[in-house]
Amino acid sequence: MPTPVSHLEPTRPSGAMRALAPLSPDPRKAWSWLQRSWLGRYGVALLFFCFALLLQLELWPLMSNSPFLFFYGAVMVAGWWGGWGPSLLVTTLSLVAVDHYFLPPRLTLQMRSADVLALGIFALLAIFITKLNVSLSRALEERASLLEREHQARAASEAARTRLHTIFMQAPAQIFFLRGAAHDFDFSNARNSSMLKSRDTLGKPFQSGVVKVGEEDARDVLDRVYTTGEPFVSGAVPLRFLQADGMEKETFHNLVYQPTRDAQGQVDGIAGFGFDVTDLVHARQRAEALATELRQAEFRTRVLAEVSTVLASSLDYEGTMRNLARLVVPALADWCFVDLAQPDGTFHRLEVAHARPEDAPVAAEVLHFNLMPEGNPRHPPTAALLRGEAILLEEMTPAHIKRSAHNENHARVMLATGLRSFIAVPLVVRGHTMGVFSFFTSFSNRRYTQADLAFGLELAYRAALSMENARLYREAQEAIRLRDEFLSIASHELKTPLTPLSLKLQALSRELERHPDNIPYALVKGYVDTGARQVKKLAELVGDLLDVSRIAAGRLALELEDVDLGALIHEVASRYEAHAARSGSSLQVEGGEAGLVGRWDRLRLEQVVTNLIDNAVKYGAGKPIVLSLEQGPSRARLKVRDQGIGIAPEHLPRLFGRFERAVSERHYGGLGLGLYITRTLVEAMGGRVRVESEQGRGSIFTVDLPRERVVPVDVSASQPQ
Ligand code: ADP
């Protein structure tokens, strides 16, 4: 079994010990010197010889039968301590000493034959003892040397472990070792513990700290490494872990989870190494985001340039808006809608552009869902229209789409588009909303940002400006066309009364020449009346033209007085009876006898009634005309009803505008100013005029007037309807 790394405890001498070390004598060195040096070996041998001699001399009286006893000891020690040399020396000296001191004759060196044998045996035993001792000594020496080497090896291995421990602890990476199938921490270096904000990780399972490795549960990853024995290696992988304070945190790491094995080769744990590359990943993400932003900004600029070209290419703004939608898709969006305001105030979905051809059926359905300003303010393009400001919805969920749809079918279709990120921008110029431009992403999965919104605003501004320019251009063209038409009609209309007038004047002149003294009264009167009617007609035409220029200049002043409307109607009707009769129509007045008095401008009111009766006669097809007056407490109502040619419904909304006509000039003369002036005058007096008509069945013009007029009206501000 390999030693678990956690057992690698540093074995360092304490500071005090290290300080004392150089001063203290090393007893082992002295001992070794005594054993190894020549002086030490022989000195110790001689010392023990002397000691044995002294003991032998001292104890001789007690043990005279054993002259060799202590010398054996000396030989033994000399052999054990000093080896052969000192032992032989001590043996020799012992032989001499025994012979001299202890064998008779004592204190001589003479030997008896019996002593020779004893000395010989001593010598032999001494040699034998020496041999044994030398061998023993060598064996001990070898053992000591082995022990020493083992000691050194242990110390070296201890130092290596300490070094390794220090390296692991101080490594600039997370290092940890897990033990067993439960993946309990066996070792966690400083960096790993500090990442988990816990010092107390040992013995706890890894997955109680690290929850997720990338998209996987940490436990699954570790189980895989443990069971397969295959290492897990991954770069810049997001690591979600639980800190000691209970907070979850995500950082990025280069990871290696390596299986560790026991002596039998079985996986018994996991060694983990992690390098925190969060800063690097964030820096790279920032750089990538910047690069993307830069690319997109460049791209948007290019698209805007193309947009400008498209917008400048045509004055047909509907066609232009269609082209614009197709330019935005797929460059910046997967889908694009254009909703345009209609003259009647509703909105019409003009275009639905889509990037993928297979979305065509869905696009055809989307085309039918118009904006609903009064029905669904939650619908994002409608909301942009109502608020008059751009809307960015970075992430639209299906629930959000369902909530903002007009109905279930709309929700189904919008979900089918795959709508994800959405921008809607109203098309506004000079406070006038012309529509809404919406674009969104779906399958491309892009999320719009504020930069895209700014782009949308710029695009919508340019588009609205171009639409406004096209509208102004069209209006200018129309104004020029109307002016030319008006000039031709006006000259024709002014000329029409002039011809009979000049004919009557010529006839009158002829009659006067023919009958200088006897002027035929009736004939002349007839010519003069006809001439006067033509002059009146001319005066009316010129009067209308003057009124129009007064209205345009805001110089139409009203002179209010008490006017009896019933009397005024009867008066005008009786004045027009002959004229109506000439056309085959009768004029009948109903009501108004009871004196319907109000504060009005008499002449202008007369002009209003005249215009309406004049038209009723002109377009009345010779059928009866009825004028009816109704009286309310504060209002008066006049209705002029004819049974003439009537008006087609498509002309009705514009008839009260300047120069507007619904008949051809070949069949009916007129400048198209009567109703315009009528409306302006009625509104100036605080009232309203309207028409109901059916083609071929006649028309009813209704004028409602308040009887008290207090607030003066700026008639120049009045626009054609
Ligand atoms: P005009 O000089 O052409 O009569 P008006 O402003 O009085 O100009 O009328 C505008 C147009 O309204 C006319 O050209 C005609 O087409 C239509 N109109 C006005 N009154 C009647 C009416 N009573 N019946 C049918 N059409 C009418």
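Computed from a prediction, not measured in an experiment: that's the story for all the values here. Atom set for the values below is all heavy atoms of this structure, side chains included, hydrogens, waters and symmetry mates excluded. We count ligands from 1, going down the list as the structure has it; atoms in each ligand are counted the same way.
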K.L.:
Looking at R322 and D316, is any side-chain nitrogen of the basic one under 4.0 Å from a carboxylate oxygen of the acidic one?
P.N.:
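Here D316 does not pair with R322 in a salt bridge, since their nearest N and O are not under 4.0 Å apart.
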K.L.:
Could you label the plane-to-plane angle of the H406 and H379 rings as parallel, tilted or perpendicular, counting under 30° as parallel and over 60° as perpendicular?
P.N.:
perpendicular
K.L.:
Can you say whether the rings of H410 and F369 are parallel (under 30°), tilted (30 to 60°) or perpendicular (over 60°)?
P.N.:
parallel
K.L.:
To which protein heavy atom is atom 17 (C) of ligand 1 closest, and what is the distance rounded to 0.1 Å?
P.N.:
L655 CD1, 4.0 Å
K.L.:
To the nearest 0.1 Å, how far is atom 3 (O) of ligand 1 from its closest protein heavy atom, and which atom is that?
P.N.:
R661 NE, 2.6 Å
K.L.:
I'd like to check which ligand 1 atoms, numbered from 1 as shown, lie under 4.0 Å from a non-hydrogen atom of L673.
P.N.:
6 (O), 8 (O)
K.L.:
Is a side-chain N or O of R661 found less than 3.5 angstrom from the main chain of G669, in a donor-acceptor match?
P.N.:
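Here the side-chain-to-backbone pair exists.
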K.L.:
How far is atom 10 (C) of ligand 1 from its nearest protein heavy atom, and which residue and atom name does that atom have?
P.N.:
E660 O, 3.3 Å
K.L.:
Out of all atoms in ligand 1, which are within 4.0 Å of some heavy atom of G646? Include the element for each.
P.N.:
25 (C)
K.L.:
With only distance considered, is G670 within less than 3.5 Å of ligand 1 through an N or O on each side?
P.N.:
no
K.L.:
I'd like to know if R349 and D339 make a salt bridge, using a cut-off of under 4.0 Å between side-chain N and carboxylate O.
P.N.:
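Salt bridge present between R349 and D339.
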K.L.:
Students should be able to answer this: which protein heavy-atom is nearest to atom 16 (O) of ligand 1, and at what distance?
P.N.:
A662 N, 3.0 Å
K.L.:
To check your reading of the model: name the closest protein heavy atom to atom 24 (N) of ligand 1, its residue, and the distance in Å.
P.N.:
Y619 CB, 3.3 Å
K.L.:
Closer than 4.0 angstrom, basic N to acidic O: yes or no for R575 and E606?
P.N.:
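Salt bridge flag = yes for E606 with R575.
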K.L.:
What protein heavy atom sits nearest atom 6 (O) of ligand 1, and how far away is it?
P.N.:
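Looking only at protein heavy atoms, the one closest to atom 6 (O) of ligand 1 is L675 N, 2.7 Å.
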K.L.:
Looking only at heavy atoms of G672, does any of them come nearer than 4.0 Å to an atom of ligand 1?
P.N.:
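So G672 counts as touching ligand 1.
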K.L.:
Below the 3.5 angstrom mark, is there an N/O of G674, backbone or side chain, next to an N/O of ligand 1?
P.N.:
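Yes: some nitrogen or oxygen of G674 is under 3.5 Å from one in ligand 1.
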K.L.:
Taking R300 first and then E458, would you say they form a salt bridge - that is, a charged N and a carboxylate O separated by under 4.0 Å?
P.N.:
no
K.L.:
For ligand 1, is any non-hydrogen atom under 4.0 Å from Y668's backbone (N, CA, C, O), its side chain (CB onward), both, or neither?
P.N.:
neither
K.L.:
Any donor-acceptor pair under 3.5 Å linking the side chain of S583 with the backbone of S585?
P.N.:
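Not at all, since once roles are kept as given, no pair shorter than 3.5 Å links the two residues.
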K.L.:
Tell me the contacting part of N615 for ligand 1: side chain, backbone, both, or neither, using a 4.0 Å heavy-atom threshold, strictly below.
P.N.:
both
K.L.:
How does L671 reach ligand 1, if at all, at less than 4.0 Å between non-hydrogen atoms: by side chain, backbone, both, or neither?
P.N.:
backbone
K.L.:
Among the heavy atoms of K618, does any lie under 4.0 Å from an atom of ligand 1?
P.N.:
yes
K.L.:
Among all residues two or more places apart in sequence or in another chain, which pass the ring-ring contact (aromatic ring centres under 6.0 Å, His included) test with F455?
P.N.:
none
K.L.:
Taking A424's backbone N and O only, do any of them form a donor-acceptor pair with S438's side chain (distance below 3.5 Å, no angle check)?
P.N.:
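No, S438 side chain to A424 backbone: no donor-acceptor pair under 3.5 Å.
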K.L.:
With a 4.0 Å cut-off on heavy atoms, does D642 reach ligand 1?
P.N.:
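Yes, that is the case, since the closest heavy atom of the residue is under 4.0 Å from the ligand.
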K.L.:
Among all protein heavy atoms in this structure, tell me which lies nearest to atom 26 (N) of ligand 1, with the distance rounded to 0.1 Å.
P.N.:
I647 CG1, 3.4 Å
K.L.:
Quick check on the 6.0 Å ring-centre criterion: do F659 and Y676 meet it?
P.N.:
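For F659 and Y676, the ring centres are not under 6.0 Å apart.
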